[in-house]
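Right, one structure below, let's go through it.
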Amino acid sequence: MHILFACPLHDPDAWVPRLQAAMPGCRISVWDPEGPPSGAEAALVWRPPAELFAHEPGIRTLFNLGAGVDALLKMKEIPPQVRIVRLEDAGMSVQMAEYALYALLRVSRDFQAFDEAQARQHWDTREGTRPADWPVGVLGLGQVGARVAQTLAGFGYPVAGWSRTPRDLPGVQSYAGEQALSAFLARTRFLVNVLPLTPDTVGILNRDTLSQLLPDAHLVNVGRGDHLVEEDLVEMLEEGEIAGATLDVFRTEPLPKDHPFWRDPRVHVTPHIAARTLRDESIAQIAAKVAQLMRGEPISGVVERNRGY
């Protein structure tokens, strides 16, 4: 199989030799928009140029160098017969769980307040809180969301998860379907969003949904920026309807310098780093799937375009 590396934001010298070593039976080359069509049957992509697909009509499989495929699904240049394959975990779920735990401990244990006390040289002996006071809700119970939910439950926090269809996870209360969303929100004080971005989930974090959370709630968004109606969150913070937020993804990235999130001490901003693509783990997963394809076997992670993931 001939596989093109078409990731303009990644250094091919850091990827191609490792890809070739992991797939010795394949030819790995870097896409050259100035050269003739390569005849490649597959491509490894991340934010690929639109002209790739007209230039390389032989591509039948795209391996996306990440779990989120919403950007690819918006590209009308990708022919409908091309199979899109997303990364499944590849080290991302552990990082997401670490990030969610960090955010939860930061707010539930008042660590930001202790940082502020240190800056004032004040010995703050405030009363502690209990995990029971911070019921967690995880929006999305796919591979990543399930890991997040079970990790937080392992630290003694009451955890529930919401998904499109019912999930059975030890230690996690399951809510499923639109009819269960309000009940899920009503028992949640610490909301973690890890949903995929689909037409049904755009703007799901809005005044209506966030106002259903328990008092003094905190939002964590590690899904996509378009899940959140940012104006609603800004207003709710100003009005005291929500206590704070930890945000890793935004509608516009990098976050504009004049955005109110930068200046609000109740908002903790990180630059889309909750889960980084791990090169060796990703290459191992892609190599295994390529080997399955070459043997004529089905593979997992194939995106259903009508569902958006």
Side-chain angles (χ1 to χ4, degrees), residues 6-11 14-15 44-49 62-75 84 86-107 112 138-140 142-145 147-148 151-152 190-198 201-206 210 218-234 237 244-282 285 303 308-309:
C7 305
L9 301 181
H10 292 76
D11 180 6
W15 283 85
L44 178 61
V45 300
W46 180 251
R47 298 184 181 179
L62 293 179
F63 292 98
N64 190 46
L65 203 60
V69 294
D70 46 287
L72 284 180
L73 294 179
K74 292 177 182 177
M75 296 185 68
I84 299 174
R86 58 181 170 81
L87 278 182
E88 299 171 281
D89 196 350
M92 295 181 192
S93 65
V94 171
Q95 296 177 74
M96 285 289 196
E98 291 171 341
Y99 185 95
L101 178 60
Y102 152 74
L104 176 57
L105 294 176
R106 187 170 176 270
V107 299
Q112 183 173 358
V138 180
L139 272 172
Q143 193 163 8
V144 172
R147 183 63 175 264
V148 169
T151 296
L152 301 185
F190 188 86
L191 180 66
V192 184
N193 175 53
V194 292
L195 287 168
L197 185 66
T198 70
T201 64
V202 170
I204 192 171
L205 303 174
N206 55 49
L210 297 177
H218 193 93
L219 168 68
V220 176
N221 189 19
V222 290
R224 285 290 185 265
D226 284 340
H227 282 130
L228 174 63
V229 180
E230 295 179 353
E231 296 83 359
D232 285 1
L233 178 59
V234 169
L237 286 163
T246 301
L247 306 176
D248 186 58
V249 290
F250 306 90
R251 286 190 312 212
T252 301
E253 296 182 3
L255 187 64
K257 293 187 181 298
D258 61 350
H259 200 290
F261 287 158
W262 285 119
R263 303 184 300 275
D264 193 327
R266 296 161 297 190
V267 179
H268 191 54
V269 171
T270 55
H272 206 144
I273 49 80
R276 300 285 185 91
T277 298
L278 301 181
R279 182 167 51 234
D280 291 342
E281 287 81 353
S282 300
Q285 185 179 133
V303 173
Y309 58 93

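In what follows, every heavy atom counts, from backbone to side chain, and hydrogens, waters and symmetry copies are set aside. Starting from 1, each residue takes its place in the sequence as its number.
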Do Pro271 and Leu255 come within less than 4.5 Å of each other through their side chains, counting heavy atoms only?
no
Residues in salt bridge (Lys or Arg N to Asp or Glu O under 4.0 Å) with Arg86, at least two apart?
none
Is the closest side-chain heavy-atom distance between Asn64 and Val45 below 4.5 Å?
yes
NE2-CZ distance between His268 and Arg106, expressed to the nearest 0.5 angstrom
4.0 Å
Minimum heavy-atom separation for Asp258 and Arg263, please, with both atom names.
O-NH1, 3.2 Å
Evaluate side chain to side chain contact (heavy atoms under 4.5 Å, CB included) for Phe63 paired with Leu87, printing each intermediate quantity in order.
CA-CA 8 Å; Phe63 292 98; Leu87 278 182; over 6 Å; no
Got a second to check how far Leu73's CG is from Tyr309's OH, nearest 0.5 Å?
12.0 Å
So which pairs with a foot in residues 90-104 pass salt bridge (Lys or Arg N to Asp or Glu O under 4.0 Å), sequence neighbours left out?
none
Counterpart residues, side chain to side chain contact (heavy atoms under 4.5 Å, CB included), relative to Leu101 (two or more places apart)
Leu105, Leu152, Phe155
Could you tell me whether the side chain of Ser282 and the main chain of Gly66 form a donor-acceptor pair under 3.5 Å?
no
Would Thr270 and Tyr99 count as a side-chain hydrogen bond (donor to acceptor under 3.5 Å, both in side chains) here? Give the steps.
CA-CA 10 Å; Thr270 55; Tyr99 185 95; 2.6 Å; yes
Could you give the side-chain donor-acceptor pairs of residues 272-279 under 3.5 Å, partners two or more places apart or in another chain?
{"unit_1": "His272", "atom_1": "ND1", "unit_2": "Glu253", "atom_2": "OE1", "d": "2.8"}
{"unit_1": "His272", "atom_1": "ND1", "unit_2": "Glu253", "atom_2": "OE2", "d": "3.2"}
{"unit_1": "Arg279", "atom_1": "NE", "unit_2": "Ala14", "atom_2": "O", "d": "3.4"}

Quick one: OG1 on Thr246 to OH on Tyr102, what's the gap to the nearest 0.5 Å?
7.0 Å
Evaluate whether atom CZ of Arg47 has more than 12 neighbouring non-hydrogen atoms of other residues, nucleotides or ligands under 6.0 angstrom away.
no
Side chain to side chain contact (heavy atoms under 4.5 Å, CB included) evaluation trace for Leu191 with Leu210
CA-CA 9 Å; Leu191 180 66; Leu210 297 177; 4.1 Å; yes
Any carboxylate oxygen within less than 4.0 angstrom of a Lys/Arg side-chain nitrogen, looking at Asp264 and Arg266?
yes
For Leu104, is there any backbone N or O sitting under 3.5 Å from a side-chain donor or acceptor partner on His218?
no
For a side-chain contact (heavy atoms from CB on, under 4.5 Å) with Leu205, tell me which candidate from Leu139, Leu233, Asp232 qualifies.
Leu139
With a 4.5 Å limit on heavy-atom distance, are the side chains of Phe261 and Val234 in contact?
yes
Report the distance from atom CG of Leu219 to atom NE2 of His227, rounding to the nearest 0.5 Å.
11.5 Å
So which heavy atom on Pro8 is nearest to which on Pro49, and how close?
CG-CD, 3.7 Å
If the condition is salt bridge (Lys or Arg N to Asp or Glu O under 4.0 Å), which residues does Asp89 pass it with, not counting sequence neighbours?
none
Give the ring-plane orientation class for His10 versus Trp46, where under 30° counts as parallel, over 60° as perpendicular and anything between as tilted.
perpendicular
Gly145 and Val138 have their tightest heavy-atom pair at O-CG1, 3.9 Å
I need the single residue from Val249, Asp248, Leu247, Asn193 that forms a side-chain contact (heavy atoms from CB on, under 4.5 Å) with Val222. Which is it?
Asp248
Would you please name every residue forming a salt bridge (Lys or Arg N to Asp or Glu O under 4.0 Å) with Arg251, sequence neighbours left out?
Glu230, Glu231
For Val194 and Gly140, the nearest pair of non-hydrogen atoms, with its separation, is CG2-O, 3.3 Å
Quick one: are Thr198 and Asp70 in side-chain contact, heavy atoms under 4.5 Å?
no
So which heavy atom on Ala100 is nearest to which on Val148, and how close?
CB-CG1, 3.8 Å
Do Arg147 and Met96 touch side chain to side chain, with heavy atoms closer than 4.5 Å?
no
Going through the distances and angles, do Leu72 and Val303 end up as a side chain to side chain contact (heavy atoms under 4.5 Å, CB included)?
CA-CA 11 Å; Leu72 284 180; Val303 173; over 6 Å; no
